[in-house]
Amino acid sequence: MSCFPCFSSDAKKASKKIDIQKERVPVAYNRDNNGYTKQSDEGVARSPPETHKNKKPSSETANKKEAGNGNIAAQTFTFRELATATKNFRQECLLGEGGFGRVYKGLLENTGQLVAVKQLDRNGLQGNREFLVEVLMLSLLHHQNLVNLIGYCADGDQRLLVYEFMALGSLDDHLLDLAPHQKSLEWYTRMRIASGAARGLEYLHEKANPPVIYRDLKSSNILLDEDYNPKLSDFGLAKLGPVGDKVHVSSRVMGTYGYCAPEYARTGMLTLKSDVYSFGVVLLEIITGRRAIDTTRPTEEQNLVTWAQFFFKDPNRYPEMVDPLLKGEYPVKFLNQAVGIAAMCLQEEATVRPLITDVVTALEILCTGPSSSSGAHSASPSPVEEKITAEEIQRLDEESAEERQRAVAEAIEWSSHSRDEKRLSLGVRGSL
């Protein structure tokens with residue numbers, strides 16, 4: 001890959017930056033009444049000033065990464081440094097593996113920082129292009145629901161990425177095929193994870209300019225910190241979205257079977273709504289505790305979306321879809337709304353699916369439940385709460401059901417109306 005000199009084996013160590021001046025890269029923007037304005041605070045798409053390897057970057061520095069003159073100043077590591085951090089990539093440090101390579105837990109010798117080191121398989125699915133894309137994306141885009149890239153290694157033919165360490169692993173570790181002793185996620189924790197993942201996707205679609213299509217949203221790519229806060233990871237397949245009058249970008253079909261939008265799988269035409277479909281699959285996994293594709297189940301239940309279609313039209317059957325590990329501990333009305341959101345995201349026609357901004361708005365209402373510090377246990381009721389009878393709970397739930405549904409509908413309608421007004425305003429100014 002001679003077009004990327006920093007990836008060649010004879011690259012000079014003095015060169016610490018990847019030259020991206022000829023690359024079209026995303027920059028984060030905020031939208032105001034006058035159109036787009038660049039962000040200047042947290043969440044801005046910036047890359048950090050270079051820091052000395054022996055000095056641990058402060059949290060303020062990590063959150064304010066400068067992108068100057070089209071260059072990325074991501075921290076670079078030698079292969080020896082990362083081998084030391086992972087105890088020479090011992091099995092005891094292995095966190096997981098996939099088509100792109102293996103991920104190890106590491107401890108940086110100079111800073112004492114815990115990290116996750118992804119060693120790409122030289123014969124695997126992710127090549128130099130995907131490696132470069134991931135370095136670009138995660139160096140320029142920063143949000144609380146995107147995993148933080150600390151640095152990378154490109155020594156010779158070695159390709160390694162260094163991320164912040166996510167203590168609880170991936171969402172599917174806590175959702176699918178749990179060990180007998182492992183406790184399942186409670187309802188409100190599941191909804192908060194779904195909401196956080198949607199906010200990360202919203203940042204890519206609405207704040208990055210040009211927008212970024214994630215293209216590989218799935219439960220194994222949603223990582224959880226010690227407080228069950230979700231962060232999207234693995235941006236090797238991410239692609240810059242359409243700009244101007246274009247409504248889609250053409251691409252070779254990639255991603256994970258069971259999560260890909262049907263129109264993308266058929267035609268290779270990729271849109272922001274392709275990500276919305278993938279989010280609908282993940283939300284369905286969160287509700288049901290089932291895999292998107294599970295060949296161990298009966299034939300009619302192997303494809304999660306196909307199986308769920310039989311239930312979508314009858315709200316009375318929604319409880320049959322719920323993960324049995326929840327043991328009935330969920331608010332029925334919130335379940336109805338969560339399934340409704342998933343069904344909208346999984347519409348066959350891409351144009352009918354909601355924007356991810358509308359999904360975020362709707363999910364925020366479903367997260368207004370009791371907080372849980374551990375994320376895996378329901379909060380213990382107070383003495384006052386214990387006095388409330390089941391009949392009173394049912395009565396209160398019925399009284400507020402209509403109000404909740406109206407709130408969701410109004411939130412989505414308000415968001416759509418606000419967006420239409422903004423587009424009209426921009427169109428009027430453009431004609432003047």
Side-chain angles (χ1 to χ4, degrees), residues 1 4 6-7 9 18 47-48 53 57 62 65 72 74-111 113-143 145-173 197 200 204 212 214-225 230-239 254-256:
M1 299 294 290
F4 303 131
C6 65
F7 289 170
S9 58
I18 299 177
S47 57
K53 290 182 182 178
K65 299 187 174 183
I72 291 181
Q75 186 176 356
T76 57
F77 294 93
T78 65
F79 181 75
R80 178 172 293 182
E81 285 176 315
L82 298 183
T84 300
T86 59
K87 300 179 182 179
N88 204 25
F89 303 99
R90 287 185 184 174
Q91 186 70 22
E92 64 188 71
C93 297
L94 183 66
L95 296 174
E97 60 183 309
F100 289 164
R102 296 183 174 186
V103 181
Y104 296 86
K105 181 178 180 180
L107 181 67
L108 297 181
E109 189 175 47
N110 293 333
T111 65
Q113 182 181 5
L114 277 176
V115 294
V117 179
K118 181 163 77 170
Q119 183 180 32
L120 304 186
D121 183 354
R122 283 171 283 183
N123 300 316
L125 301 176
Q126 187 164 0
N128 275 336
R129 181 191 175 281
E130 288 77 14
F131 176 80
L132 176 62
V133 167
E134 188 148 9
V135 173
L136 284 172
M137 292 295 181
L138 290 180
S139 295
L140 292 170
L141 299 173
H142 297 276
H143 186 266
N145 295 115
L146 302 185
V147 72
N148 181 41
L149 178 71
I150 296 173
Y152 67 94
C153 169
D155 274 359
D157 59 355
Q158 295 288 345
R159 299 290 180 269
L160 300 99
L161 295 163
V162 184
Y163 307 98
E164 62 178 315
F165 178 70
M166 301 294 284
L168 296 182
S170 66
L171 172 60
D172 66 352
D173 293 335
L204 298 177
V212 174
Y214 185 28
R215 201 161 54 148
D216 201 20
L217 182 62
K218 54 185 177 180
S219 55
S220 61
N221 280 348
I222 299 175
L223 304 183
L224 306 173
D225 68 12
K231 298 191 180 188
L232 306 184
S233 68
D234 276 340
F235 283 75
L237 297 184
K239 192 171 181 66
M254 300 184 73
T256 304

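Keep in mind that what you see is a predicted model, and the values were worked out from it rather than measured.
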**Prompt:** Could you state the interatomic distance from CE (Met137) to NZ (Lys239), rounded to the nearest 0.5 Å?
**Reply:** 9.0 Å
**Request:** Drop me the distance from Tyr152's OH to Leu132's CG, to the nearest 0.5 angstrom.
**Result:** 9.5 Å
**Request:** Apply the side-chain contact (heavy atoms from CB on, under 4.5 Å) test between Leu232 and each candidate in Val147, Leu138, Ile222; give the one that qualifies.
**Result:** Ile222
**Request:** Hey, could you give me the CD/CG distance between Gln158 and Leu82, rounded to the nearest 0.5 Å?
**Result:** 9.5 Å
**Item:** Closest contact, heavy atoms only, Gly236 versus Glu134
**Value:** N-OE1, 3.5 Å
**Complete:** For Asp216 and Asn221 the tightest heavy-atom approach is O-ND2, 2.8 Å
**Prompt:** Quick one: salt bridge (Lys or Arg N to Asp or Glu O under 4.0 Å) partners of Lys231, sequence neighbours excluded?
**Reply:** Glu164
**Asked** Going through the distances and angles, do Leu141 and Phe235 end up as a side-chain contact (heavy atoms from CB on, under 4.5 Å)?
**Response** CA-CA 11 Å; Leu141 299 173; Phe235 283 75; 5.5 Å; no
**Request:** Report yes if some heavy atom in the side chain of Val162 is under 4.5 Å from a heavy atom in the side chain of Phe77; otherwise report no.
**Result:** yes
**Asked** Measuring from Asn148:CG to Ser233:OG, what's the distance to the nearest 0.5 Å?
**Response** 12.5 Å
**Prompt:** Quick one: CG on Leu107 to CD on Gln113, what's the gap to the nearest 0.5 Å?
**Reply:** 9.0 Å
**Request:** Sequence neighbours left out, what passes side chain to side chain donor-acceptor pair (under 3.5 Å) with Glu92? Give chain and number order.
**Result:** Lys87
**Asked** Which residues satisfy the side chain to side chain donor-acceptor pair (under 3.5 Å) test with Ser170, sequence neighbours excluded?
**Response** Asp172, Asp173
**Asked** If you look at every heavy atom in Ser139 and Leu149, which pair is closest and at what distance?
**Response** OG-CD2, 3.7 Å
**Item:** Electrostatic pair Asp234:Lys118 at N-O distance under 4.0 angstrom
**Value:** yes
**Asked** If only atom types and distance count, is the side chain of Asn145 paired as donor or acceptor with the main-chain N or O of Pro230 below 3.5 Å?
**Response** yes
**Asked** Closest approach of Phe165 and Leu114, non-hydrogen atoms and distance?
**Response** CB-O, 3.6 Å
**Item:** Matching residue for Met166 among Leu224, Leu223, Leu95 - test: side-chain contact (heavy atoms from CB on, under 4.5 Å)
**Value:** Leu223
**Request:** Applying ring pair (Phe, Tyr, Trp, His ring centres under 6.0 Å), name anything that partners Phe89, two or more places apart in sequence or on another chain.
**Result:** Phe79, Tyr104
**Item:** Under 3.5 Å: donor-acceptor pair, side chain of Arg159, backbone of Gly156
**Value:** yes
**Item:** Any Phe131 side-chain heavy atom under 4.5 Å of Leu161 side chain
**Value:** yes
**Asked** Residues in side chain to side chain donor-acceptor pair (under 3.5 Å) with Asn88, at least two apart?
**Response** none
**Asked** Just by modelled atom types, is the Thr78 backbone N or O under 3.5 Å from a matching donor or acceptor in the Glu81 side chain?
**Response** yes
**Asked** What residues, two or more places apart in sequence or in another chain, satisfy ring pair (Phe, Tyr, Trp, His ring centres under 6.0 Å) together with Tyr163?
**Response** none
